[in-house]
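Along the sequence shown, the residues carry numbers beginning at 1. These figures come from a predicted structure and were not determined experimentally. Just so you know, ligand 1 is whichever comes first in the structure, and atom 1 is the first atom listed for that ligand.
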Amino acid sequence: MSAKYQISFAKAARAEDGLAILLKLSGDQPPAGAAEVDPAGVLVKAANVAEFTGKSMSVLDIVAPHGSSFDRIAVIGLGKPAALVSHDWLRVGGVAAGAVRTASEVAIHVDAPGIVMDGEKAANVALGMLLRAYSFDNYKTKKKDDDDKTVKTVNVTIVTADPAAAKAAFVAAQAVADGVNLARELVNLPPNVLGPVEFADKAKELTKLGVEVEILTEKDMKKLGMGALLGVAQGSVKPPRIAVMHWKGGKSKEQPVAFVGKGVTFDTGGISIKPGASMEDMKGDMGGAAAVTGLMYTLAARKAKVNAIGIIGLVENMPDGNAQRPGDIVTSMSGQTIEIINTDAEGRLVLCDALWYTKETYKPRFMINLATLTGAILVALGNLHAGLFSNNDELAGQLLAAGEESQEKLWRMPLSKDYDKIIDSRFADMKNSGGRHAGSITAAQFLARFVGDTPWAHLDIAGTAMGSPSSEINQSWGSGYGVRLLDQLVRDNFEA
Ligand code: BES
Ligand code: MN
Ligand code: ZN
């Protein structure tokens, strides 16, 4: 059974609420909120019997005692109060959503000493619930015995000191949840269903929110001279697209910020074909484009006071009679020529034209690109940090701070002239692969050749966009990584 949460905020729970979720600090006895929910004081006994200490995100789930207006009580541990940061409230929401199960009425109380459940915390709990609730089961047609496919509405009341502030903060929280869940959905969709054209159609749907969307076709790209992107696309029967999403929430004269995404809807490797094992994961090679689309959704839905451009390069990388070969030399929109060494290093070829186009057309304040660019970033950082490469320390610092706050973490990697030299080519201006060593860095150096003086950051999200371990707030293969990170970045630094 999957749930759709109908969330409201109030100073007290209604009497008919079926599941009470209480939050408890470690060391605080008895579990907070006990008086209202558990007049007979059974919780204390239950907590002792279960040796429940309130360890962070642990759950004590019991049948409510006779005389309580609730059926069930779940107590969620908060750990030590001094250690609580804003992201923990999302995790609490996620754990709460996990505890709901069959309940259709839920009340969440925080009544822990020293903690004021203000509007922001309450909205973060709600956001955590909405993120946890996402699951991708569109293609599961058979109902398993233990897996009821019905979606039922669960009424959730979050008890807060300031319902009005919570309601206001929840508008943005809902926008974030919908943006993240959109990104997840795009990553999860199979590559026969979501090709470049279909992805562009999804981007187009953002017009409903007031985003101006322009789609560039193959013909437009030919005219612009995007030989690098087109070289990747030519092996597929699915034509490429670029979608430009423009959100104008700032002052009309204000230069936009720009987000650029790699959108390879399937990456076979092309003629340098990948081995079969796990190739199906390459449906997620559009995770950068998905994050950019999700982010643009969020910015528009919460009416962010910023001018923002989202540009996604959409192609499929396939081997066929017309596919590009190792040894081919292509001319990018910038005029720089590229010798193709490995047709599987295709992401940088898509991005170099998208970045150049973005810089030339919009003269943005900065460009941040997101890409599932290299397997090497998984070797370096696993799936717990994305790689951050930047030509600008201020932007890098702002991104690292947003990563800490959102817990969508980044780790900065080096760029230098010496790494840059590795991609010089014997036959053209550069080659598209510098070999195995420092593979993530040489990929970033390649992109750096297309950004000029524009402050720029490249996020290699090959490890974080998909297949990361599930968490309190994510159970989906496609994680939606990047949406919360960049929404945080915009909020903290770029809104009027
Ligand atoms: N899409 C892949 C990178 C990737 C690998 C993403 C694993 C997610 C999980 C990218 O296009 C690629 O194939 N990169 C090559 C580059 C190499 C040929 C220089 C790689 O990482 O092996
Ligand atoms: Mn590839
Ligand atoms: Zn790829």
*Asks:* Below the 2.8 Å mark, what number of protein N, O or S atoms do you get around the Zn ion (ligand 3)?
*Replies:* 4

*Asks:* Take F366 and F259 through the ring pair (Phe, Tyr, Trp, His ring centres under 6.0 Å) test and state the conclusion after the steps.
*Replies:* CA-CA 8 Å; F366 67 69; F259 303 96; 5.8 Å; yes

*Asks:* Would you mind telling me which of T217, V315, I312, L216 makes a side-chain contact (heavy atoms from CB on, under 4.5 Å) with R241?
*Replies:* T217

*Asks:* Can you find a protein heavy atom closer to atom 22 (O) of ligand 1 than 4.0 Å?
*Replies:* no

*Asks:* For E120, does the CD atom have more than 12 heavy-atom neighbours from other residues, nucleotides or ligands under 6.0 Å away?
*Replies:* no

*Asks:* Identify the protein heavy atom lying closest to atom 17 (C) of ligand 1, giving its residue, its atom name and the separation to 0.1 Å.
*Replies:* A345 CB, 4.3 Å

*Asks:* Do the side chains of K421 and D418 get close enough for a salt bridge, i.e. N-O under 4.0 angstrom?
*Replies:* yes

*Asks:* Salt bridge or not between R484 and D487? Use side-chain N to carboxylate O under 4.0 Å.
*Replies:* no

*Asks:* Tell me whether R302 is salt-bridged to E495, with the criterion being a basic N under 4.0 Å from an acidic carboxylate O.
*Replies:* yes

*Asks:* Pull out every atom of ligand 1 sitting under 4.0 Å from any heavy atom of M466, numbered as shown with elements.
*Replies:* 8 (C)

*Asks:* Should the pair E339-R426 be classified as a salt bridge under the 4.0 Å nitrogen-to-oxygen rule?
*Replies:* no

*Asks:* Using a 4.0 Å heavy-atom cut-off, say whether V264 meets ligand 1 through its side chain, its backbone, both or neither.
*Replies:* neither

*Asks:* Less than 4.0 angstrom from a charged side-chain N to a carboxylate O is my criterion; do R412 and D393 meet it?
*Replies:* yes

*Asks:* Between E472 and R91 (salt bridge meaning N to carboxylate O under 4.0 Å), is one present in this structure?
*Replies:* yes

*Asks:* If the cut-off is 4.0 Å to any non-hydrogen atom of D267, which atoms of ligand 1 fall inside it?
*Replies:* 1 (N), 2 (C), 10 (C), 11 (O), 13 (O)

*Asks:* Any atoms of ligand 1 less than 4.0 Å from a non-hydrogen atom of N342? List them with their elements.
*Replies:* 18 (C)

*Asks:* Are E212 and K248 ion-paired here, with the side-chain N under 4.0 Å from a carboxylate O?
*Replies:* yes

*Asks:* Considering I461, D285, D344, which one's heavy-atom position lies nearest to atom 13 (O) of ligand 1?
*Replies:* D344

*Asks:* Could you list the atoms of ligand 1 found under 4.0 angstrom from a heavy atom of T372?
*Replies:* 1 (N), 2 (C), 3 (C), 6 (C)

*Asks:* Show the atoms of ligand 1 that are less than 4.0 angstrom away from any heavy atom in E346.
*Replies:* 11 (O)

*Asks:* Are any of the heavy atoms in L373 under 4.0 Å away from ligand 1?
*Replies:* yes

*Asks:* Tell me which protein heavy atom sits closest to atom 16 (C) of ligand 1, plus the residue, atom name and distance to 0.1 Å.
*Replies:* R348 NH2, 3.8 Å

*Asks:* Taking 2.8 Å as the upper limit, name the protein N, O or S atoms near the Mn ion (ligand 2).
*Replies:* D267 OD2, D344 O, D344 OD1, E346 OE1

*Asks:* Under 4.0 Å, heavy atoms only, figure out whether ligand 1 is touched by the backbone of M282, its side chain, both or neither.
*Replies:* side chain

*Asks:* Does a salt bridge link K283 with D267, judged by any charged N lying under 4.0 Å from a carboxylate O?
*Replies:* no

*Asks:* Does atom CH2 (W411) have a neighbourhood of more than 12 heavy atoms from anything else shown, all under 6.0 Å?
*Replies:* no

*Asks:* I'd like to check which ligand 1 atoms, numbered from 1 as shown, lie under 4.0 Å from a non-hydrogen atom of K262.
*Replies:* 1 (N), 10 (C), 11 (O)

*Asks:* For the 3.5 Å polar cut-off, considering only N or O atoms, please tell me whether G375 and ligand 1 meet it.
*Replies:* yes

*Asks:* For K274, is at least one N or O under 3.5 Å away from an N or O on ligand 1?
*Replies:* yes

*Asks:* In terms of heavy-atom contacts, does NZ of K238 have more than 12 from other residues, nucleotides or ligands at under 6.0 Å?
*Replies:* yes

*Asks:* Taking 4.0 angstrom as the limit, do D220 and K223 come out as a salt bridge?
*Replies:* no

*Asks:* Heavy-atom count check: over 12 atoms from other residues, nucleotides or ligands less than 6.0 Å from Q6 CD?
*Replies:* no

*Asks:* Please determine whether a side-chain nitrogen of the Lys or Arg among R449 and D424 lies less than 4.0 Å from a carboxylate oxygen of the Asp or Glu.
*Replies:* yes

*Asks:* May I ask you to check whether over 12 heavy atoms, not counting those of E394, lie within 6.0 Å of atom CD?
*Replies:* no

*Asks:* In the protein, what heavy atom is nearest to atom 19 (C) of ligand 1, and what distance, to one decimal place, separates them?
*Replies:* S433 OG, 3.5 Å

*Asks:* Taking 4.0 angstrom as the limit and counting only heavy atoms of A462, give me the atoms of ligand 1 inside it, by number and element.
*Replies:* 6 (C), 8 (C)

*Asks:* Got a sec: does the CG of N322 have more than 12 other heavy atoms crowding it under 6.0 Å?
*Replies:* yes

